[in-house]
Amino acid sequence: MSSDSVIPLLETPIIVGFGGVGVDFLAVVPFFPSPDAKIRTTEFKVQGGGNTGNTMTCAARLGLKPRIISKISDDAPGKAMLEELEAEGVDTSFLVVSKEGTSPFSYIIVDSQTKTRTCIFTPGYPPMVPDDLHQANLLSALDGARVVYFDARMSDSALVIAQEAFRQNISILIDAERPREGLNDLLALADYVVCSENFPKAWTEASSIPRALVSIILRLPRLKFAIVTLGKDGCIMLEKCVDDESSHIEEMDADSCLTSLTKRKDDSIAMPTCIASSVTKLRAEGIGSVCGRLYYGTAEKIPPSELIDTTGAGDAFTGAVLYA
């Protein structure tokens, strides 16, 4: 988001993020190597990463006051992460710092031809466990928070935080990248979910994304909306609406509804646009129906010469959703 598109806030809302932080070692290469090949980097960078670290950084840049809960070690990468997050305006006072072990890190291969990235992740050690979360610290971290974000990693600890947020009636947003152990328990407490392109069909076994979104809303009655990111093709959102039986709401097949929205897309517009249906009873044969509004959002058309890589793109999207 460019600075002139950010709506100024009358206050500075506090949000909390729990999940992965790490150091990214980014090697830019002219093309992705074949097995047993040797190639040279054209550029090399070391910077902070991890879904939650990236998302909280984006939220801070947009004007929120993010607090981060995670675990690192008291090693050089851990200290670098702390410094980078603090410089961005992220409150790191609730990070657990182990005196021994290693901080999480990733090797990231950036393909200059395709502008894609391949991540090779090494978890930190020792791993975070619920006993690392002292109740007084947890209550302090959640104090005044408007939203709590989870990237669904370290699920045992995540569930402890989510249950406390639920008890305090704090909104919960889940980043559902792929099915993980413990994710279903977190989703049951969620108010909002942002999914990767492949997650909805994998989780619901539905044949299409619109049908999967209907299934997700039906299976998770607390959800206010579910978003699916589609990379360069933008995103789709299903927002649940109140089903007022006294009014005559049109019923429409979910797949047909999305098709009608995509036909309204203007390919000549470079900036992102949002195309919305009216409040509709969206039907998915064999699954059920839900009263809601379907949205199709296009992505900005960025000239290839300006593209660097896609590292952290989804996290930046979720940070903007938190801001919104």
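Note that the coordinates shown come from a computational prediction; the quantities given were computed from them, not determined experimentally. We count residues from 1, following the sequence as given. Computation of the quantities below employed the complete heavy-atom set of this structure, encompassing side-chain atoms and omitting hydrogens, waters and symmetry-equivalent molecules.
Checking side-chain atoms of Thr52 against main-chain N and O of Gly17 turns up no donor-acceptor pair under 3.5 Å. With hydrogens and angles ignored, the 3.5 Å screen pairs a side-chain donor or acceptor of Ser98 with a backbone N or O of Glu100. Judged by distance alone, the side chain of Asp132 and the main-chain N or O of Val129 form a donor-acceptor pair under 3.5 Å. A donor-acceptor contact shorter than 3.5 Å is absent between the side chain of Ser140 and the backbone of Leu138. Checked by atom type and distance alone, the side chain of Arg67 pairs as donor or acceptor with a backbone atom of Ala141 at under 3.5 Å. A distance-only check finds a donor-acceptor pair linking the side chain of Ser73 to the backbone of Thr102 [under 3.5 Å]. Of the possible donor and acceptor atoms, one in the side chain of Lys240 sits under 3.5 Å from a partner among the backbone N and O of Pro221.
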Without placing hydrogens or testing angles, list every side-chain donor-acceptor pair under 3.5 Å for residues 198-207, not counting sequence neighbours.
from: Trp203; atom 1: NE1; to: Asn184; atom 2: OD1; distance (Å): 2.8
from: Thr204; atom 1: OG1; to: Pro200; atom 2: O; distance (Å): 2.7
from: Thr204; atom 1: OG1; to: Ala206; atom 2: N; distance (Å): 3.2
from: Ser207; atom 1: OG; to: Arg211; atom 2: NE; distance (Å): 3.1

Donor-acceptor contacts, no H, no angles, side chain residues 21-49, under 3.5 Å, sequence neighbours left out:
from: Thr42; atom 1: OG1; to: Val28; atom 2: O; distance (Å): 3.2

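Residues satisfying the side-chain contact (heavy atoms from CB on, under 4.5 Å) criterion with Ala152, sequence neighbours excluded, are Arg180, Leu183, Leu186. Legend: residues meeting salt bridge (Lys or Arg N to Asp or Glu O under 4.0 Å) with Glu11, ordered by chain and number and at least two apart, are Arg146. Applying the ring pair (Phe, Tyr, Trp, His ring centres under 6.0 Å) criterion to Phe94, with sequence neighbours excluded, gives no partner residue. Applying the salt bridge (Lys or Arg N to Asp or Glu O under 4.0 Å) rule to Arg117 yields no partners; only residues at least two apart in sequence or on another chain are considered.
Residues Thr122 and Ser106 have side chains not in contact (no heavy-atom distance under 4.5 Å, counting atoms from C-beta outward). Annotation: side chain of Arg264 is in contact with side chain of Leu261 (closest heavy-atom distance under 4.5 Å). Looking at Tyr296 and Lys263, their side chains never come closer than 4.5 Å, going by heavy atoms from C-beta outward. For the pair Val16 and Phe150, the minimum side-chain heavy-atom distance is 4.5 Å or more. Put simply, the side chain of Glu239 reaches to within 4.5 Å of the side chain of Met237, judged on heavy atoms. With a 4.5 Å cut-off on side-chain heavy atoms, Ile69 and Met128 count as touching. Residues Tyr149 and Leu322 form a side-chain contact, since some pair of their non-hydrogen atoms from C-beta on lies under 4.5 Å apart.
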Using salt bridge (Lys or Arg N to Asp or Glu O under 4.0 Å), reason through Glu88 and Arg61 one step at a time and then give a plain yes or no.
CA-CA 7 Å; Glu88 292 286 358; Arg61 290 181 182 182; 2.7 Å; yes
May I have the step-by-step check of side chain to side chain contact (heavy atoms under 4.5 Å, CB included) for Leu95 and Lys71, ending in yes or no?
CA-CA 6 Å; Leu95 278 174; Lys71 187 171 186 176; over 6 Å; no
Give the intermediate values and the outcome of side chain to side chain contact (heavy atoms under 4.5 Å, CB included) for residues Lys115 and Ile308.
CA-CA 6 Å; Lys115 307 296 184 181; Ile308 300 172; over 6 Å; no
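No continuous path of hydrophobic side-chain contacts links Ile14 to Val148 [ILVMFWY only; heavy atoms under 4.5 Å].
Within a 6.0 Å radius of NZ in Lys232, other residues, nucleotides and ligands contribute 12 heavy atoms or fewer.
The minimum heavy-atom distance between Gly50 and Asp315, with the atom names listed, is O-OD2, 4.2 Å.
One finds a salt bridge joining Lys224 and Asp191 here, because a Lys/Arg side-chain nitrogen approaches an Asp/Glu carboxylate oxygen to under 4.0 Å. A salt bridge links Glu177 and Arg153; the closest N-O separation between the charged side-chain nitrogens and carboxylate oxygens is under 4.0 Å.
Between the SG atom in Cys195 and the CG atom in Leu187 there is a gap of 8.0 Å [rounded to 0.5 Å].
One side chain, Thr298 or Thr273, offers a donor N or O that lies under 3.5 Å from an acceptor on the other.
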